[in-house]
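Reviewing the structure listed below.
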Amino acid sequence: MSLAPRLDLRQAQTLVMTPQLQQAIRLLALSNVEIEAVIAEEVERNPLLEAGSESGPDDDGPADFADTGDAGDDQGDDFGTGAGEPASADALLEAPEASGEAALDVDMMAETFHHDCAADSVLDGALSLTGAERGGDAPELEGLAESAISLADHLLAQAGHALSGTDLIIAAHLIDQIDAAGYLLVPLLEIANRLAVPLARVEAVLAVIHGFDPTGVGARDLAECLALQAREADRYDPAMARLIANLDLLARGELARLKRLCGVDDEDMADMIRELRGYDPKPGARYGGEPAQPVVPDIFVARRGDGWAIEMNAATLPRLLVNRRYYAELSAGPQDKAARAWLGDMLASANWLVKALDQRQRTIIRVATEIVKQQEAFFLHGVAHLKPMTLKQIADLIEMHESTVSRVTSNKYLSCERGLFELKYFFTSAIQAADGGDAVSAEAVKAALKALISAEGRDILSDDSLVEMLKEKGFDIARRTVAKYREAMGIGSSVQRRRAKALEG
């Protein structure tokens with residue numbers, strides 16, 4: 001073997017991802033609300049782009065000279081939609097702005113790609129979105145997310161009216177140590193040493209805070225929180241004090257021992273427990289935090305005769321226009337070579353973004369259509385008829401890559417008569433049927449399990465009993481699977497449920 005230097009000629013095929021193609025693929029994983037933010041950013045950056053209004057064809061404006069990215073009449077679909085052939089790697093290289101979904105149907109992590117860095121690692125009768133067809137004067141979703149004052153601000157406002165001077169400074173420091181649930185996290189002695197004030201003075205200020213709204217705020221543990229609320233309700237008698245001091249016995253359901261400690265009978269104990277249930281163990285939770293953000297659907301599915309109508313939510317997907325009139329005006333003016341190159345880049349970027357958004361919508365509609373086809377029984381009859389399904393099954397049916405389907409179903413929600421569901425919800429594992437028939441969805445098993453537990457009444461069912469009853473319904477699952485599904489739904493064990501029933505009695 002020769003060790004002398006030499007020149008070799010090798011030939012290999014690689015697919016280099018252009019920045020535009022990478023952007024188009026990443027757009028697939030964004031929801032309509034996130035796409036709206038991307039469009040706003042691009043409109044601010046690119047002077048040739050502008051968000052169009054829902055204007056008609058006779059309106060004046062740049063729409064007469066524009067390419068639109070809202071897919072026009074193609075933003076909806078129904079069963080029987082044709083699928084284009086996916087483009088090969090050579091075709092993508094030769095035509096990086098190819099139309100259709102093929103340019104988006106690629107696996108970015110495939111070995112055929114060259115990575116420069118880790119960052120590279122239609123409906124005739126469209127679904128109506130008017131308020132009247134949604135059920136009259138329905139409130140806007142944005143109205144549900146109202147801003148709320150924080151717990152700290154609420155307490156500081158009360159402290160400003162009740163205290164002054166050094167006591168107000170101590171109160172502000174104490175309030176700063178109260179968590180979101182309303183509990184004081186730091187020992188009073190530590191606060192007294194930190195502020196160089198007597199411990200008795202800190203305790204006196206905390207007693208004032210205990211009188212603030214909400215009742216129970218500033219407590220150092222659950223027992224003190226409940227005791228403060230019992231005092232406010234004038235129910236803190238010696239029996240209630242002993243009950244609150246022995247919450248661990250109440251949690252274990254040792255009612256006989258509690259009755260002896262409190263010196264009460266069954267009726268009084270039941271009344272005391274009922275009173276405790278009405279108290280708030282987290283008084284500060286009603287304040288502060290980020291306002292609840294409503295989930296906005298990306299896709300609408302509705303019954304249309306014997307089929308289904310599937311449409312993108314145009315309300316959250318603004319029209320994107322390329323203003324060619326403005327481009328013509330800029331091109332006609334005096335400009336140097338750098339200005340001409342910049343203007344050409346802006347036009348190419350605008351055209352590509354419009355086309356990428358159109359491809360994204362078509363791809364989402366295509367995937368959603370196949371999901372509705374495969375899960376039609378769910379849309380007709382409910383969760384008990386949800387079929388097991390994987391991303392690969394949908395990818396094979398529409399002749400796309402599995403990673404493309406994964407991106408399409410990420411962070412997107414589908415609205416139908418049965419409610420609002422994430423697209424990932426329709427992909428569930430398979431559970432073998434007890435009678436040897438077709439496999440069933442894990443979600444169907446969970447629904448049957450929840451129904452059995454909800455109907456158990458006073459006779460609490462063990463996990464072994466649930467396994468037998470599910471087997472009678474055709475679900476062949478193990479006891480550990482029942483326990484896993486039960487815990488995932490937040491349902492306690494048979495011992496915990498029996499204890500809860502005893503406390504309710």
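Inter-residue side-chain proximity for Ile453 and Leu461 is flagged as unmet; no heavy-atom pair is nearer than 4.5 Å.
Atom CG of Asp248 has more than 12 neighbouring heavy atoms from other residues, nucleotides or ligands inside a 6.0 Å radius.
When the salt bridge (Lys or Arg N to Asp or Glu O under 4.0 Å) test is applied to Glu422, no partner is found at least two apart in sequence or on another chain. For the side chain to side chain contact (heavy atoms under 4.5 Å, CB included) test, residues two or more places apart in sequence or in another chain that qualify with Leu452 are Leu466, Met469, Leu470, Lys473. Residues passing the side chain to side chain donor-acceptor pair (under 3.5 Å) test with Tyr183, sequence neighbours excluded: none. A search for salt bridge (Lys or Arg N to Asp or Glu O under 4.0 Å) contacts involving Asp179 returns nothing, not counting sequence neighbours. Judged as a side chain to side chain donor-acceptor pair (under 3.5 Å), and not counting sequence neighbours, the contacts of Asp396 are Lys392. Legend: residues meeting salt bridge (Lys or Arg N to Asp or Glu O under 4.0 Å) with Arg480, ordered by chain and number and at least two apart, are absent. In this structure Pro47 satisfies the side chain to side chain contact (heavy atoms under 4.5 Å, CB included) test together with Tyr326, Trp342, Met346, sequence neighbours excluded. Residues that satisfy the salt bridge (Lys or Arg N to Asp or Glu O under 4.0 Å) test with Glu456, not counting sequence neighbours, are Arg497. By the side chain to side chain donor-acceptor pair (under 3.5 Å) test, Arg418 pairs with no residue at all, sequence neighbours left out. For Tyr327, the ring-ring contact (aromatic ring centres under 6.0 Å, His included) criterion is met by no residue, not counting sequence neighbours. Residues forming a side chain to side chain contact (heavy atoms under 4.5 Å, CB included) with Ala447 (at least two apart in sequence, or on another chain): Val383. Residues that satisfy the side chain to side chain contact (heavy atoms under 4.5 Å, CB included) test with Ala29, not counting sequence neighbours, are Arg407.
Between the side chain of Ser406 and the backbone N or O of Glu402 there is no donor-acceptor pair closer than 3.5 Å.
Closest heavy-atom contact between Glu275 and Ala233: OE2-CB, 4.0 Å.
Of the charged side-chain nitrogens involved, none lies within less than 4.0 Å of a carboxylate oxygen, so that Lys355 and Asp358 do not count as a salt-bridged pair.
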